[in-house]
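First comes the structure, then the notes that go with it.
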Amino acid sequence: AGGTDGCTQAERAGLACLAMRGSAAELRLMKRPAILMLTDAGGTAHQVVLIGLDDERAELRIGSETAQVGIADLARYWFGDFVLLWRPAAPVVKDLAAGARGPAVRALRQQLAQWSGGTENAAASPVFDATLTRQLEEFQRRHRLPVDGIASLETQVVLDAEVAAPHTPLLRTRLEPPAPATGELGAAGTEG
């Protein structure tokens with residue numbers, strides 16, 4: 001509303017807006033609801049909110065309506081563009097690598113400790129050292145991310161979803177099959 005784009009509004013609310021191009025598999029890995037950019041047969045762009053995704057179906061929110069569509073049907077209109085909104089652990093969101101220093105590195109270290117079952121230390125080192133690189137590479141390996149020891153935005157989003165605080169919106173990964181239409185149910189009942 002008010003002519004301000006969604007990412008600017010999100011940033012004002014303390015959220016990071018991440019525009020990406022990827023696949024359904026990457027969205028499942030990130031575990032976050034996303035705004036998908038769809039293009040219809042006439043070339044008109046549409047935005048829908050992805051709220052659930054399993055191996056066969058996607059659950060979409062279109063206005064106040066919710067619908068499930070097959071992944072193959074979705075692929076006819078979605079070419080990989082999406083926007084994720086998330087609340088990062090550190091106030092500044094950027095790629096982090098060996099040698100970096102500051103609160104973002106400390107937050108990364110604390111999240112990795114939480115993910116691995118260790119204790120969170122409020123006084124954790126703010127230096128991206130060899131130990132942090134090894135921990136990050138292990139996380140990347142286990143989540144089939146590029147194992148490069150760099151905390152890219154994608155790696156940070158996946159880590160954040162893994163250690164998500166309570167009440168954090170996450171993508172539903174187990175969808176109930178849609179109820180059959182009345183006509184289908186009647187036909188199935190008479191075959192028997």
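Note that the structure is a prediction, hence the values are computed from the model and not measured. Sequence positions, counted from 1, serve as the residue numbers for this chain.
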Quiz prompt | Worked check of side-chain contact (heavy atoms from CB on, under 4.5 Å) between L50 and F82 | solution = CA-CA 9 Å; L50 176 72; F82 63 92; over 6 Å; no
Quiz item: What residues, two or more places apart in sequence or in another chain, satisfy side chain to side chain donor-acceptor pair (under 3.5 Å) together with T66?
Solution: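 Checked T66 against side chain to side chain donor-acceptor pair (under 3.5 Å); matches are R61.
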Quiz item: Can you tell me if CZ on R144 sees more than 12 non-hydrogen neighbours from other groups inside 6.0 Å?
Solution: no
If we only count heavy atoms from C-beta on, is the [X] to [Y] side-chain gap below 4.5 Å?
X	Y	value
L96	L132	no
T155	D95	no
Q156	P88	no
E162	Q114	no
R87	T168	no

Quiz item: Who are the ring-ring contact (aromatic ring centres under 6.0 Å, His included) partners of W78, not counting sequence neighbours?
Solution: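 Applying ring-ring contact (aromatic ring centres under 6.0 Å, His included) to W78 gives none.
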Measure the spacing between [atom1] of [X] and [atom2] of [Y] and express it to the nearest 0.5 Å.
X	Y	atom1	atom2	answer
E26	E154	CD	CD	5.0 Å
L108	D160	CG	CG	11.0 Å
Q135	Q111	CD	CD	12.5 Å
R109	L136	CZ	CG	11.0 Å
R32	L170	CZ	CG	5.5 Å
L84	L153	CG	CG	10.5 Å

Practice problem: Give the C-alpha distance, both sets of side-chain angles, the deciding distance and a yes or no for side-chain contact (heavy atoms from CB on, under 4.5 Å) between Y77 and L36. | Solution: CA-CA 10 Å; Y77 304 100; L36 303 184; over 6 Å; no
Counting distance only, does the side-chain N/O of [X] pair as donor-acceptor with the main-chain N or O of [Y] below 3.5 Å?
X	Y	result
D129	G99	no
T44	D40	no
Q140	I150	yes
R76	A41	no

Run the side-chain donor-acceptor check on residues 14-22: report pairs under 3.5 Å with partners two or more places apart or on a different chain.
from	atom 1	to	atom 2	distance (Å)
R21	NH1	D81	OD1	2.4
R21	NH1	D81	OD2	3.0
R21	NH2	F79	O	3.2

Exercise. Kindly write out the residues that satisfy side-chain contact (heavy atoms from CB on, under 4.5 Å) with R142, not counting sequence neighbours, or none if the list is empty.
Key: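 R142 satisfies side-chain contact (heavy atoms from CB on, under 4.5 Å) with W115, E138 only.
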Quiz item: Quick one: side-chain contact (heavy atoms from CB on, under 4.5 Å) partners of R134, sequence neighbours excluded?
Solution: A130, T131
Exercise. Decide, yes or no, whether a salt bridge links D55 with R28 under the criterion of side-chain N to carboxylate O below 4.0 Å.
Key: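 Yes, this pair counts.
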Quiz prompt | Qualifying residue, where the test is side chain to side chain contact (heavy atoms under 4.5 Å, CB included) with I51 and the options are V49, L53, V48 | solution = V49
Quiz item: So which heavy atom on L27 is nearest to which on A34, and how close?
Solution: CD2-CB, 3.9 Å
Quick one: side chains of residues 171-178, donor-acceptor pairs under 3.5 Å with protein atoms, not counting sequence neighbours, listed by atom name and distance.
from	atom 1	to	atom 2	distance (Å)
R172	NE	E59	OE1	3.3
R172	NH2	E59	OE1	3.1

